[in-house]
Amino acid sequence: MPKQTMTKKPKIKTRKKTLITHVPGMHDILPKEFEYWDYCYSIVQKYADIYNFLKIETPVLEKTDLFSRAIGKETDIVKKEMFSFVDQGKEKLTLRPEWTASVMRAYIENGLSSLAQPVKLYSSGPLFRRERPQAGRFRQFHQTNFEIIGNADPVIDAEVIFVAWNILKKIGLENVVVKINSIGTPENRKEYIDVLIDYFNSKKHLLSAEQKARLKRNPLRLLDSKDEKLKGLIADAPQIIDYLDAESNEHFKNVLEYLDEVEVTYHLDHTLVRGLDYYTRTTYEFVTFNDTKNEYSKALAGGGRYDGLSEELGGKEIPGIGVALGMERIIDEVKENKIPVKRSKKTDVFLIQLGELAKKKSLKIFNDLIEAKISVQESFHRDSIKSQLKQADKHNVRLSLILGQKEALEDTIIVRDMISGIQEIVPLKNLADELKKRLKKPVVTKKEDK
Ligand code: HAM
């Protein structure tokens with residue numbers, strides 16, 4: 001007999017693969033987070049309806065030119081924060097860093113100026129900015145954005161502010177104020193910027209290298225610097241309000257009067273220039289405010305008027321104004337303030353199945369009950385009655401349905417009252433009606449039974 005040789009199995013070296021993780025600054029929104037998102041979105045949606053905003057969705061990708069023209073080449077967003085790339089067809093594209101430019105493009109391109117004006121549009125969705133990730137600052141974040149396009153009346157400014165104000169209040173955020181300013185027309189701004197440059201140039205020795213560069217590139221943005229050392233200098237700086245033309249002045253005065261009328265708490269802030277170039281006249285931010293410490297912290301929303309944006313994008317002269325709510329920051333505040341968001345979703349019935357045939361039939365029964373508008377839960381993957389009853393208890397249901405082999409064959413089902421423990425056999429064809437009848441009856445506890 002030939003000698004049997006044992007062949008050694010070759011050892012396959014398996015190298016442990018590195019774990020692929022998320023892109024920094026971008027986040028998964030896990031199921032448990034949706035309690036907060038659903039709570040906030042339900043209020044946002046309600047107010048969008050109350051104020052007659054129509055929903056608009058634009059593509060996540062746009063031509064890069066749209067944002068560089070609308071937001072401004074010298075802004076931080078366009079200069080260093082856009083996720084831009086050249087695609088296979090050599091087209092320069094950018095993941096949208098904000099909604100306003102896209103909504104205005106869509107308004108012009110789709111001829112929405114032929115509708116009754118103004119047109120009120122709102123959108124919700126993700127935006128992308130390659131900012132340095134930190135608390136409350138992400139590379140992918142979400143805004144709910146409101147725009148009113150086609151009217152320049154100051155009452156519209158107040159309306160937009162009031163919508164956002166109402167939403168934040170309804171969500172339960174009490175510690176919010178509106179910082180507000182007017183940056184006038186581009187002509188007013190030009191004159192003001194010259195004066196501002198002269199002012200900061202006379203204090204150049206007090207500026208850091210980065211601040212000096214900013215003074216050259218975008219002098220207005222020196223005003224919203226967070227640098228403590230610059231605070232005094234900014235407080236003494238010339239104020240834009242002194243450079244507004246008569247019409248812009250009147251417009252601003254009217255906006256404030258309307259806001260007084262609806263009791264919106266606002267703080268005038270001459271340094272609020274905002275980081276996007278398209279703004280004209282009214283600008284604002286909704287900021288959390290601690291009045292005992294006299295301290296502002298999180299900007300939850302921001303916006304302003306942009307009467308020159310349409311022309312910048314090649315359209316006709318059309319005024320517009322809007323506000324964007326930063327959803328992550330709002331949700332963060334909801335959590336911090338422990339605002340209750342859970343709406344109790346009550347389940348009335350739990351369906352238990354035992355055996356192969358019952359399992360097969362229970363899918364259809366479950367669906368029939370949903371169609372009959374009975375709130376029902378199941379645990380199809382569990383087989384033992386004990387573990388399914390435990391689930392029924394967890395859901396705190398009034399009735400459990402038990403479908404065993406016998407019942408499945410006879411087209412019946414056991415209905416168990418979870419409080420009294422009483423069980424009855426019911427024909428499957430009458431099940432929904434029977435359950436509705438029982439669920440209507442007042443709850444009888446065992447104690448009362450005795
Ligand atoms: P914005 O001030 O750039 O304005 O953004 C509005 C809000 O979005 C901010 O107040 C903040 O809550 C949130 N947000 C901005 N960047 C981030 C980020 N990196 N991470 C988390 N949240 C962020 C605009 O976007 C304008 N388009 C608003 C507007 C609408 N103006 C007129 N109409």
Side-chain angles (χ1 to χ4, degrees), residues 23-27 29 40 44 53 56 58 62 66-67 70-72 75-78 80-83 95-107 118-149 156-157 159-161 163-164 167-168 171 173 176-181 183 221 224 272-288 296-310 312 318-334:
V23 177
M26 302 196 177
H27 295 275
I29 305 175
C40 291
V44 162
F53 280 83
I56 184 165
T58 58
E62 295 271 6
L66 171 67
F67 301 116
I71 300 171
T75 58
D76 284 349
I77 296 180
V78 172
K80 50 185 191 196
E81 292 169 0
M82 296 203 304
F83 283 97
L95 281 172
R96 64 179 177 212
E98 60 121 35
W99 281 100
T100 313
S102 302
V103 173
M104 190 48 120
R105 178 204 48 72
Y107 173 99
V119 180
K120 295 169 144 191
L121 301 167
Y122 90 102
S123 322
S124 286
L127 303 150
F128 305 85
R129 294 185 194 173
R130 206 175 183 290
E131 299 197 64
R132 199 162 56 81
Q134 50 187 297
R137 206 167 276 287
F138 308 107
R139 290 182 169 178
Q140 179 176 335
F141 61 98
H142 297 74
Q143 284 180 349
T144 297
N145 184 73
F146 294 88
E147 310 288 358
I148 303 188
I149 304 178
I156 304 289
D157 304 37
E159 181 181 354
V160 166
I161 294 171
V163 171
I167 290 174
L168 294 174
I171 285 175
L173 302 173
V176 178
V177 297
V178 182
K179 280 190 181 182
I180 192 163
N181 191 21
I183 56 167
R221 290 314 301 273
D224 61 11
L272 190 75
V273 289
R274 311 258 306 132
L276 305 107
D277 280 357
Y278 50 62
Y279 290 120
T280 49
R281 297 195 168 151
T282 327
T283 55
Y284 36 84
E285 262 174 16
F286 292 71
V287 191
T288 53
Y296 301 102
S297 36
K298 256 178 240 161
L300 304 181
R305 184 163 273 291
Y306 47 84
D307 293 347
L309 178 58
S310 169
E312 198 58 58
I318 299 163
I321 182 156
V323 67
L325 307 169
M327 298 310 289
E328 278 81 0
R329 293 192 192 169
I330 290 174
I331 285 169
D332 221 41
E333 272 301 294
V334 168

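Note that the structure is a prediction, hence the values are computed from the model and not measured. All ligand and atom numbering here is 1-based and tracks the order in the structure.
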In terms of residue, atom name and distance, what is the protein heavy atom nearest to [atom]?
| atom | value |
| --- | --- |
| atom 11 (C) of ligand 1 | Arg329 NH1, 3.4 Å |
| atom 27 (N) of ligand 1 | Glu98 OE1, 2.5 Å |
| atom 18 (C) of ligand 1 | Phe141 CD2, 3.5 Å |
| atom 20 (N) of ligand 1 | Phe138 N, 2.9 Å |
| atom 30 (C) of ligand 1 | Thr100 OG1, 3.1 Å |
| atom 31 (N) of ligand 1 | Tyr279 OH, 2.7 Å |
| atom 12 (O) of ligand 1 | Ala299 O, 2.9 Å |
| atom 28 (C) of ligand 1 | Gly302 O, 3.3 Å |

Under 4.0 Å from a heavy atom of [X]: which atoms of ligand 1 are those, numbered in the order shown and with their elements?
| X | answer |
| --- | --- |
| Gly303 | 29 (C), 31 (N) |
| Gly304 | 31 (N), 32 (C) |
| Asn145 | 30 (C) |
| Leu300 | 10 (O), 12 (O) |

Which bit of [X] is near ligand 1, meaning a heavy atom under 4.0 Å away: side chain, backbone, both or neither?
| X | answer |
| --- | --- |
| Val323 | backbone |
| Gln143 | side chain |
| Ile330 | neither |

Going by the closest heavy atom to atom 21 (C) of ligand 1, which one wins out of Gly326, Gly320, Gly136, Ala135?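 Of the listed residues, Gly136 has the closest heavy atom.
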
Heavy atoms only: which of Glu147, Arg130, Met327, Lys298 lies closest to atom 33 (N) of ligand 1? Glu147

Step-by-step side chain to side chain contact (heavy atoms under 4.5 Å, CB included) determination, Gln140 to Val23: CA-CA 9 Å; Gln140 179 176 335; Val23 177; over 6 Å; no

Test side chain to side chain contact (heavy atoms under 4.5 Å, CB included) applied to Glu328 and His142, Arg137, Gln143, the passing residue: His142

Can you name the residues that form a ring pair (Phe, Tyr, Trp, His ring centres under 6.0 Å) with Phe141, not counting sequence neighbours? none

For Trp99 and Thr144: C-alpha separation, side-chain torsions, deciding distance, then whether side chain to side chain contact (heavy atoms under 4.5 Å, CB included) applies. CA-CA 9 Å; Trp99 281 100; Thr144 297; over 6 Å; no

Residue pair Ser123, Thr58: steps toward the side chain to side chain contact (heavy atoms under 4.5 Å, CB included) verdict: CA-CA 8 Å; Ser123 322; Thr58 58; over 6 Å; no

Please work out whether the ring planes of Phe146 and Tyr122 are parallel, tilted or perpendicular, with thresholds of 30° and 60°. parallel

Using a strict threshold of under 4.0 Å (side-chain N to carboxylate O), is an ion pair present between Arg274 and Glu285?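 A salt bridge links Glu285 with Arg274.
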
Is the shortest distance from a heavy atom of [X] to ligand 1 less than 4.0 Å?
| X | result |
| --- | --- |
| Tyr278 | yes |
| Arg274 | yes |
| Arg137 | yes |

First locate atom CG of Asp307, then atom CD1 of Ile321, and finally report the distance between them rounded to the nearest 0.5 Å.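 With rounding to 0.5 Å, CG (Asp307) is 8.0 Å from CD1 (Ile321).
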
Working to the nearest 0.5 Å, report the span between OG1 of Thr288 and CD of Glu333.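 CD of Glu333 is found 5.0 Å from OG1 of Thr288.
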
Name all residues meeting the side-chain hydrogen bond (donor to acceptor under 3.5 Å, both in side chains) criterion together with Glu81; count only those two or more places apart in sequence or in a different chain, and write none if there are none.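 Glu81: no side-chain hydrogen bond (donor to acceptor under 3.5 Å, both in side chains) contacts found.
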
Checking the side chain of Arg139 only, and the main-chain atoms of Glu131 only, is there a donor and an acceptor separated by less than 3.5 Å? yes

For the residue pair Tyr278 and Thr100, confirm or rule out a side-chain donor-acceptor distance under 3.5 Å.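 Yes.
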
